[in-house]
**Q** 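Questions regarding the structure given below will be posed in turn.
Throughout, residue positions are numbered sequentially from 1 according to the sequence presented. Atoms within each ligand, like the ligands themselves, are counted from 1 in listed order.
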Amino acid sequence: MPTSKTLLYDALIIGAGINGCCSAYLLNQAGLRVALVDKEGIASGGSGAAGAFISPKISKAGDLKEIMGVAHAEALEFYSSHFPRFTLRKALLHIANNPQESDKLDCFKKETALHHSPIDEPLKSLLSSEASKDTYIFFEDGAVVDAQGVCSAMAEGIDFYRFKAENPLYRNDVWEVGTLRAKHLILSIGAYPKLLPIDYVGLRGIWGHRIDIRTTTHIPSIIHHHVSISPTNKEGIVAIGATHDVHFAPFSNQDYDYEEGRRTLLQKASKTLDLKDVAVVKDYTGLRSGSNDYLPMLGRLVNAEATLEKYPNIRHGQTVVASEFVYYPNLTMINGSGGYGFVLAPYLAKRLKHYLVDAQPYDFLLSPSRFFQRWAKRKKNQSYTTTP
Ligand SMILES: Cc1cc2nc3c(=O)[nH]c(=O)nc-3n(C[C@H](O)[C@H](O)[C@H](O)COP(=O)(O)OP(=O)(O)OC[C@H]3O[C@@H](n4cnc5c(N)ncnc54)[C@H](O)[C@@H]3O)c2cc1C
């Protein structure tokens with residue numbers, strides 16, 4: 001391990017999930033001296049639980065659809081060219097699982113530039129009668145990545161420190177976290193407790209469970225229906241995931257019921273096809289970190305206390321342009337990718353690199369500070385307090 005006392009990094013990244021690892025990889029490639037910190041290890045949070053499908057998001061027209069479309073194309077290209085060893089390219093079948101989804105899918109099919117075709121016969125013969133009747137889209141080109149493998153490969157050659165980061169401090173023009181020092185601090189800690197008083201950043205954790213199984217049924221393609229089912233990999237494993245549980249909170253003392261989670265997943269998979277001789281070989285659980293408006297986050301963080309001191313009337317409805325807010329210096333957040341962290345990470349990390357290295361602005365639509373003004377107004381009758 002490097003002797004941290006003597007090292008001043010260009011960028012210190014807290015959180016070694018897909019967002020932290022991808023950022024570390026691209027910043028390191030751009031020539032920055034990067035340190036990566038995680039309290040558990042590489043891909044130990046939501047990223048370690050992910051099925052890591054690189055699938056298009058089926059959504060109606062709007063900002064989210066635009067961003068996800070670009071992110072999906074960039075991700076397919078990025079993983080395939082930089083990490084082919086951890087990227088499995090396979091056809092992808094998406095079947096609607098309710099009438100609203102069916103409408104969305106019909107609109108998406110009319111507008112998408114992605115190549116799609118009628119479902120092929122070997123795959124069709126596997127489907128249950130329910131799945132065969134539902135609206136679907138079949139892409140000849142999809143992908144799934146090995147979450148742990150790709151994160152570890154990205155972090156290779158980068159100084160990694162395992163500890164829980166607390167109370168980051170900016171003084172003498174550098175950020176200090178424990179004994180580490182860096183010019184830029186990047187927070188990519190997913191749905192874990194915030195490290196600074198940034199209550200305005202609207203995030204929620206959504207618990208998910210996926211399983212690896214062995215089955216004598218060979219799955220040739222990626223299938224998304226009531227759950228996602230991976231193609232059979234070269235070790236003979238099929239991944240099934242994931243549950244979406246907004247009520248389970250891992251930071252409370254609740255116990256998670258693994259048996260119940262397995263039952264739910266297998267029962268949902270059985271609506272799509274008949275999996276024979278199933279044995280569950282591994283469970284994965286973790287939190288997705290979703291933003292309140294479903295858009296991902298990349299950008300600087302407002303120092304709420306200093307901004308409200310400068311513009312106290314924001315609380316009473318005064319509109320202030322975002323460039324006038326007081327920001328923490330050299331501090332950037334990447335977060336809020338919800339169930340699409342692996343799709344979005346190359347997109348976000350590339351724009352982080354453009355911002356930090358090439359001084360190119362990022363889109364304010366992505367900024368975590370987009371939530372600040374509305375949050376401040378809601379606080380007008382309360383004394384000012386935030387919780388880190
Ligand atoms: C079951 C499941 C299935 C999913 N399937 C897919 C999928 O198929 N495709 C897809 O694109 N996405 C999928 N996702 C979503 C994707 O996994 C997330 O969007 C992504 O993992 C978010 O990555 P992250 O780096 O932001 O956060 P995380 O992976 O949660 O990483 C945050 C890291 O920060 C560390 N940390 C937190 N606080 C501190 C601290 N104080 N000090 C040091 N370290 C700290 C944690 O230990 C953790 O490792 C899935 C998620 C789940 C849970």
**Q** Work out whether the distance between some heavy atom of Ser188 and some atom of ligand 1 is less than 4.0 Å.
**A**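 In this structure, Ser188 qualifies as a contact of ligand 1 - some heavy atom is under 4.0 Å.
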
**Q** Any link between Val144 and Tyr284 through a network of hydrophobic side chains (Ile, Leu, Val, Met, Phe, Trp, Tyr) touching at under 4.5 Å?
**A**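 No: no chain of side-chain contacts under 4.5 Å links Val144 to Tyr284.
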
**Q** Answer yes when Arg171 and Asp173 have at least one side-chain N-carboxylate O distance shorter than 4.0 Å, and no when they do not.
**A**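 Looking at Asp173 together with Arg171, the answer is no, because their closest N to O distance does not fall below 4.0 Å.
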
**Q** Please state which option from Lys57, Glu166, Lys39 has its nearest heavy atom closest to atom 36 (N) of ligand 1.
**A**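 The residue whose heavy atom sits nearest atom 36 (N) of ligand 1 is Lys39.
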
**Q** Gly339 to ligand 1: N or O pair under 3.5 Å?
**A**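 Yes, at least one N or O pair falls under 3.5 Å.
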
**Q** Is Ile206 isolated, or which residues cluster with it under the ILVMFWY side-chain rule of less than 4.5 Å, directly or via members?
**A**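 Answer for Ile206: Val246.
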
**Q** Nearest non-hydrogen atom to atom 9 (N) of ligand 1 belongs to which of Tyr284, Phe342, Phe53?
**A**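 The option holding the nearest heavy atom is Phe53.
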
**Q** With a cut-off of 4.0 Å, which atoms of ligand 1 are near a heavy atom of Gly208?
**A**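 Close to Gly208: 1 (C).
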
**Q** Using 4.0 Å as the upper bound for N to carboxylate O, is an ion pair formed by Asp274 and Lys276?
**A**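 Salt bridge between Lys276 and Asp274, a charged N being under 4.0 Å from a carboxylate O: yes.
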
**Q** Distance under 4.0 Å to a non-hydrogen atom of Gly15: what atoms of ligand 1 satisfy this?
**A**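 Matching atoms, with element in brackets: 33 (C), 34 (O), 35 (C).
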
**Q** In terms of hydrophobic clusters joined by side-chain contacts under 4.5 Å, are Leu366 and Val343 together?
**A**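 Yes, Leu366 connects to Val343 through the hydrophobic network.
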
**Q** Between Tyr9 and Tyr161, what is the ring plane arrangement, given parallel below 30°, perpendicular above 60°, and tilted in between?
**A**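 Rings of Tyr9 and Tyr161: perpendicular, over 60°.
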
**Q** Kindly identify the option in Ala43, Ser44, Gly51, Ser337 whose heavy atom sits closest to atom 5 (N) of ligand 1.
**A**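 Looking at heavy atoms only, the winner is Gly51.
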
**Q** Should Phe163 be listed as contacting ligand 1, given a heavy-atom distance under 4.0 Å as the test?
**A**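 Yes, Phe163 has a heavy atom closer than 4.0 Å to ligand 1.
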
**Q** Check each atom of ligand 1 against the heavy atoms of Gly286 and keep those under 4.0 Å away; list them by number with element.
**A**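 Within the 4.0 Å cut-off of Gly286, ligand 1 contributes 53 (C).
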
**Q** Nearest 0.5 Å, please: how far is CG in Leu27 from CD1 in Ile186?
**A**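 Here the interatomic distance stands at 5.0 Å.
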
**Q** Are the charged groups of Glu74 and Arg351 less than 4.0 angstrom apart, N to O?
**A**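 Salt bridge flag = yes for Arg351 with Glu74.
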
**Q** Is there a polar contact between ligand 1 and Leu195, counting only N or O atoms under 3.5 Å apart?
**A**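 No, no N or O pair falls under 3.5 Å.
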
**Q** Which ligand 1 atoms are under 4.0 Å away from a heavy-atom of Val343?
**A**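 Those atoms are 11 (O).
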
**Q** Checking Tyr328 side chain against Leu196 main chain: does a donor-acceptor pair fall under 3.5 Å?
**A**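 Not confirmed, Tyr328 side chain does not pair with Leu196 backbone.
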
**Q** Any idea which atoms of ligand 1 are less than 4.0 Å away from a heavy-atom of Lys164?
**A**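 The atoms of ligand 1 under 4.0 Å from a heavy atom of Lys164 are 41 (N), 42 (N).
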
**Q** Just which atoms of ligand 1 are under 4.0 Å from any heavy atom in Arg288?
**A**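 Near Arg288, the atoms of ligand 1 are 2 (C), 51 (C), 52 (C), 53 (C).
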
**Q** In the protein, what heavy atom is nearest to atom 27 (O) of ligand 1, and what distance, to one decimal place, separates them?
**A**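 Ranked first by proximity to atom 27 (O) of ligand 1 is Gly190 CA, 3.7 Å.
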
**Q** As a test of understanding, state which of Ile229, Ile213, Ile240 forms a side chain to side chain contact (heavy atoms under 4.5 Å, CB included) with Leu265.
**A**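 The side chain to side chain contact (heavy atoms under 4.5 Å, CB included) with Leu265 is passed solely by Ile240 among Ile229, Ile213, Ile240.
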
**Q** Quick one: look up the protein heavy atom nearest atom 26 (O) of ligand 1 and list residue, atom name and how far away it is.
**A**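 So the nearest neighbour among protein heavy atoms is Asn19 ND2, 2.9 Å.
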
**Q** State the atoms of ligand 1, each with its element, that fall below the 4.0 Å cut-off from a heavy-atom position in Glu40.
**A**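 Taking each heavy atom of Glu40 in turn, ligand 1 has 47 (O) under 4.0 Å.
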
**Q** Measure from atom 14 (N) of ligand 1 to every heavy atom in Ala50, Ala242, Gly20, Gly336 and give the option owning the shortest one.
**A**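 When every heavy atom of Ala50, Ala242, Gly20, Gly336 is considered, Ala50 comes closest to atom 14 (N) of ligand 1.
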
**Q** Any side-chain to backbone donor/acceptor pair from Asp10 onto Leu32? Under 3.5 Å, distance only.
**A**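 No; judged by distance alone, with no hydrogens or angles, the pair does not exist.
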
**Q** Pick out which of Asp283, Asp245, Thr243 makes a side chain to side chain donor-acceptor pair (under 3.5 Å) with His209.
**A**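 Exactly one pass, corresponding to Asp283.
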
**Q** To which of Asn335, Ile189, Ile13 does the heavy atom nearest atom 32 (C) of ligand 1 belong?
**A**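 Looking at heavy atoms only, the winner is Ile189.
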
**Q** Can Lys164 and Glu40 be counted as an ion pair, charged N to O under 4.0 angstrom?
**A**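 No salt bridge links Lys164 with Glu40.
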
**Q** For ligand 1, which is the ligand I care about here, please tell me if Ile18 has any N or O atom under 3.5 Å from one of the ligand's N or O atoms.
**A**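 Yes, Ile18 has an N/O under 3.5 Å of an N/O on ligand 1.
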
**Q** What protein heavy atom lies closest to atom 35 (C) of ligand 1? Include the residue and the distance to one decimal.
**A**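 Its nearest protein heavy-atom neighbour is Asp38 OD2, 3.1 Å.
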
**Q** Closest non-hydrogen protein atom to atom 15 (C) of ligand 1, residue and atom name please, with distance?
**A**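 Sorting protein heavy atoms by distance from atom 15 (C) of ligand 1 puts Gly338 O, 3.2 Å first.
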
**Q** May I ask you to check if ligand 1 and His209 share an N or O to N or O distance below 3.5 Å?
**A**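 In this structure, His209 places no N or O atom under 3.5 Å from an N or O of ligand 1.
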
**Q** Answer with yes or no after comparing the ring centroid distance for Tyr294 and Tyr340 against a 6.0 Å cut-off, counting only values under it.
**A**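 Ring centroids of Tyr294 and Tyr340 are no less than 6.0 Å from each other.
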
**Q** Which is closest to atom 22 (C) of ligand 1 in terms of heavy atoms, Gly17, Cys151, Ser47?
**A**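 Among Gly17, Cys151, Ser47, the closest heavy atom to atom 22 (C) of ligand 1 belongs to Ser47.
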
**Q** For Leu295, is there any backbone N or O sitting under 3.5 Å from a side-chain donor or acceptor partner on Ser291?
**A**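 Looks like yes, one N/O pair under 3.5 Å.
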
**Q** Taking distance alone, with no angle check, do Ala165 and ligand 1 share an N/O pair under 3.5 Å?
**A**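 N/O-N/O distance below 3.5 Å exists for this pair.
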
**Q** Considering only heavy atoms, does Ala52 approach ligand 1 within less than 4.0 Å through its side chain, its backbone, both, or neither?
**A**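 Ala52 to ligand 1: backbone contact only, side chain stays beyond 4.0 Å.
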
**Q** Only heavy atoms of Tyr340, strictly under 4.0 Å: list the atoms of ligand 1 that pass.
**A**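 The atoms of ligand 1 under 4.0 Å from a heavy atom of Tyr340 are 10 (C), 11 (O), 12 (N).
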
**Q** Just to verify, what does Phe248 make a ring pair (Phe, Tyr, Trp, His ring centres under 6.0 Å) with, not counting sequence neighbours?
**A**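 In terms of ring pair (Phe, Tyr, Trp, His ring centres under 6.0 Å), with neighbours along the sequence ignored, Phe248 is linked to Trp207, Tyr256.
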
**Q** For Gly46, is at least one N or O under 3.5 Å away from an N or O on ligand 1?
**A**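 Yes: some nitrogen or oxygen of Gly46 is under 3.5 Å from one in ligand 1.
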
**Q** Decide whether an N or O pair under 3.5 Å exists between Ile334 and ligand 1.
**A**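 Among all N and O atoms of Ile334, none is under 3.5 Å from an N or O of ligand 1.
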
